[in-house]
**Student:** 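Can you keep this structure in mind? I'll have questions shortly.
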Amino acid sequence: MSVKIQPVKGTREFYPEQMALRNFINDKVRAASQAFGYVEWDAPYIEPISLYAAKSGEELVKKQSFVFTDRGGDEVTLRPELTPSLARMIAAKQGELTFPVRWWSFGPFWRYESPQKGRSREFFQWNIDLLGADSPEADAELISVAATFLRSVGLTPERATVSVNNRKLMISQFDALGVPPEKRMDVSNLVDRRSKMDADKWDAYALEIGLTQSQLDGLKAILGNYELWKESAELVRLFAALDALGVKEYVKFDPNIVRGLLYYTGTVFEAFDMSGSVRRAILGGGRYDNLLADVGGQPLPAVGFAMGDVVIGIILQEAGLVPEFQPSPALVLVTVFDENLRLQSLSLATELRRAGINAMVYPEPAKLPKQFKFADKMKMKVALTIGPEEAANGQVAVKSLRTGEQVNVTRDAAVEKIRELMLNA
RNA sequence: GAGCCUGUAGCUCAAUGGCAGAGCGCCACACUGUGGAUGUGGAUGUUGUGGGUUCGAAACCCAUCAGGCUCCCCA
């Protein structure tokens, strides 16, 4: 009796079509990263749990990590994020690296959460970081990389935008309202929740955490003031740089963006899909100037962001931006006319491959209609046939599956004819 | 971790306690030297799984698994 073994909850199986989407995202990520001079790197997929204990927050470590004890008795985990590994690796070579460091990575991560739309337990994530530069122009570069990626996959500014804010600006605004420093986190949390709660409940919650009515009114004024960035010298420089970088239309200031992570110190940003069904951030990041010092390295300013493959994958599919799937990497089918001519088909295919053309041979001498139907389903461009006539004359029948035109050429001329048809296809 | 919704053919979905169906797709033939179009015919299945109620369950009840939505968190 066979029992169906299901895949682990929250994992995805990548059939060729899904694999093509994953590779499409990976290719665009690589191109956007390399266009700005970032170099690829990676860290171990299994890490000691203690690596995350310091800075990642209890939620991530205790509830969302795949933790297990290895045979030696050590507590390890499948990595839930990359930044702690980055901090460790940078700190270890801080004396020999040439700064500023520009690194990117695209790899698997695991988080033990309940799977739902836009979230799985095993996912791929693009991480990209610039370490050793603390200017607003450096922040702008990362935002520009993000916008360049969005543009490269065909997402227009109407469809996807990057919302930007600055933690320092918000803190100074909170201070001006008379919010005590120990309440900053609570207020940030409050801001983060605004879009998810009813207005009345949000007001009540604000008063509950200790804001006065006048502070609440002041906070609302701040969150509705989309010109507030003009009061931040950093943001003024940031937007000037974004203009020069040619991505201004993708970016807007939004005082409601605060982001959950504790370690952000200045600029923070998130990209959203404005029209799709996924109400989750496509990517998010910001400046984290204290992290290296916090994990024992020399102080080092840093800015970066991360993008998961799940949300962007859904958005690209919904927007119809995923390239048509090509079922076979071979665009040429060599048919097999009959048993006697089978070896001629095999040797013809070999000639094509030696000329650099991917070619597939039908595995058996089936009826020609069946073989042509197969080529059609595989979305191939060209079908070749060597029948008794062609074999007698040293020729090959070359048919374009797009136009339906067929010509007989000598075997020597076949490669050139196929190249011509594939260019036009 | 908590609450709610869903699960029927490969896919999208019907059937509300009384013979499990349609469209699309698939296979064969028309067409034994040529795909897409058309026509004709064919197969779709332990109704997620396991129990229970009932003369009778796809439907009602319980459990379980999977998926979705929300809270939480975040990519």
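Just so it is clear: chains get the letters A, B, ... in the order the sequence lines come, proteins before strands, and each one is counted from 1.
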**Student:** Please say whether more than 12 non-hydrogen atoms of neighbouring residues, nucleotides or ligands are located less than 6.0 Å from CD in A:Gln34.
**Tutor:** yes

**Student:** Could you walk me through whether A:Glu364 and A:Lys370 pass salt bridge (charged side-chain N to carboxylate O under 4.0 Å, His left out), step by step?
**Tutor:** CA-CA 11 Å; A:Glu364 58 191 354; A:Lys370 191 169 180 179; 5.1 Å; no

**Student:** Between B:C73 atom P and A:Met185 atom CE, what is the distance in whole Å?
**Tutor:** 10 Å

**Student:** Is it the case that the base of B:A75 and the side chain of A:Arg119 share a donor-acceptor contact (distance under 3.5 Å, atom types as modelled)?
**Tutor:** no

**Student:** Grab the CE-C1' distance between A:Met307 and B:C74 for me, whole Å please.
**Tutor:**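 Distance, rounded to whole Å: 15 Å.
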
**Student:** Provide the distance between the two P atoms, one in B:A57 and one in B:U49, to the nearest whole Å.
**Tutor:**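 Per the computed distance, 15 Å lies between those P atoms.
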
**Student:** Using the C1' atoms only, state how far B:A43 lies from B:G3, rounded to an integer number of Å.
**Tutor:**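 To the nearest whole Å, 44 Å.
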
**Student:** Taking protein heavy atoms under 4.0 Å as touching, what does nucleotides 30-40 of chain B look like 5' to 3' if B marks base contact, S marks sugar-phosphate-only contact and - marks none?
**Tutor:** ---BBBB----

**Student:** In Watson-Crick or G-U wobble terms, both distances under 3.5 Å, what is the partner of B:A22?
**Tutor:** B:U12

**Student:** Has the side chain of A:Glu113 got a donor or acceptor that lies under 3.5 Å from a partner of the other kind on the base of B:A75?
**Tutor:** yes

**Student:** Sticking with atom P, work out how far B:C5 lies from B:C62, rounded to a whole angstrom.
**Tutor:** 11 Å

**Student:** Using a distance-only test with no angle check, is there a side-chain donor-acceptor pair under 3.5 angstrom linking A:Tyr264 and A:Asn166?
**Tutor:**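 The answer is no; no qualifying pair exists.
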
**Student:** In whole angstrom, give me the gap between the P atoms of B:G10 and B:C4.
**Tutor:**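 That atom pair is separated by 32 Å.
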
**Student:** Examine the side chains of A:Gln395 and A:Thr410 and answer whether a donor and an acceptor come within less than 3.5 Å of each other.
**Tutor:**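 No, no side-chain donor-acceptor pair sits under 3.5 Å.
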
**Student:** When rounded to the nearest Å, what value does the distance between C1' atoms of B:C73 and B:G18 take?
**Tutor:** 50 Å

**Student:** Can you list, by residue number, the residues of residues 8-23 of chain A that have a non-hydrogen atom closer than 4.0 angstrom to RNA chain B?
**Tutor:** A:Lys9, A:Gly10

**Student:** P atom, B:G67 versus B:C11: distance in rounded Å?
**Tutor:** 16 Å

**Student:** Are side-chain heavy atoms of A:Leu242 and A:Leu238 found at a separation under 4.5 Å?
**Tutor:** yes

**Student:** Please step through side chain to side chain contact (heavy atoms under 4.5 Å, CB included) for the pair A:Glu318 and A:Ile315, ending with a clear verdict.
**Tutor:** CA-CA 5 Å; A:Glu318 284 184 356; A:Ile315 288 167; 5.6 Å; no

**Student:** Starting at CD of A:Gln125 and ending at P of B:A75, how long is that distance when rounded to a whole Å?
**Tutor:**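 Interatomic distance, CD of A:Gln125 to P of B:A75: 7 Å.
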
**Student:** Taking the cut-offs as 6.0 angstrom to the six-membered ring centre and 45 degrees off its axis, would you call A:Arg102 and A:Phe36 a cation-pi pair?
**Tutor:** no

**Student:** Please work out if A:Ala375 contacts a base, only the sugar-phosphate, or nothing of the nucleic acid, heavy-atom cut-off 4.0 Å.
**Tutor:**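 Nothing, no nucleic acid heavy atom in range.
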
**Student:** Give a yes/no verdict on base stacking between B:A75 and A:Phe123: centres under 5.5 Å, planes within less than 30° of parallel.
**Tutor:** yes

**Student:** How long is the line joining CZ of A:Phe109 and C1' of B:C73, in whole Å?
**Tutor:** 17 Å

**Student:** Start at the 5' end of RNA chain B and walk down; is the nucleotide closest to A:Pro115 or to A:Gly284 reached first?
**Tutor:**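 The 5'-side residue here is A:Pro115.
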
**Student:** What is the distance, rounded to the nearest whole Å, between atom OH of A:Tyr205 and atom C1' of B:C71?
**Tutor:** 13 Å

**Student:** Going by side chain to side chain donor-acceptor pair (under 3.5 Å), name the pairs with one or both residues in residues 330-341 of chain A, residues two or more places apart or in two chains.
**Tutor:** A:Thr335-A:Thr385, A:Glu339-A:Arg342

**Student:** Is A:Ile312 touching bases, backbone alone, or none of the nucleic acid, heavy atoms closer than 4.0 Å?
**Tutor:**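 Here A:Ile312 touches no strand at all.
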
**Student:** Find out whether A:Leu155 and A:Ile312 are in side-chain contact, i.e. whether some heavy atom of one side chain is under 4.5 Å from a heavy atom of the other.
**Tutor:**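 Sidechains of A:Ile312 and A:Leu155: in contact.
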
**Student:** Once you apply the 3.5 Å cut-off to both distances, tell me the Watson-Crick or G-U wobble partner of B:U49, or none.
**Tutor:**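 Base-paired to B:A63.
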
**Student:** Please tell me whether A:Asp129 and A:Tyr288 have a donor and an acceptor in their side chains that are separated by less than 3.5 angstrom.
**Tutor:** yes

**Student:** Report yes or no: do A:Glu234 and A:Ser232 form a side-chain donor-acceptor pair below 3.5 Å?
**Tutor:** no

**Student:** Whom does B:G1 pair with, Watson-Crick or G-U wobble, provided both distances fall under 3.5 Å?
**Tutor:** B:C71

**Student:** If the P atom of B:U8 is compared with that of B:G33, how far apart are they to the nearest Å?
**Tutor:** 45 Å

**Student:** Using whole Å, report how far CD1 of A:Ile314 lies from P of B:A75.
**Tutor:**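 The distance from CD1 of A:Ile314 to P of B:A75 comes to 16 Å, rounded to the nearest Å.
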
**Student:** Given the P atoms of B:C69 and B:C27, what is the spacing between them in whole Å?
**Tutor:**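 One P to the other, the span is 34 Å.
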
**Student:** How many whole angstroms separate atom CG of A:Leu78 from atom P of B:A75?
**Tutor:**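 Those two atoms, CG and P, are 19 Å apart.
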
**Student:** Let's test this: given Watson-Crick or G-U wobble pairing with both distances under 3.5 Å, identify the partner of B:G35.
**Tutor:** none

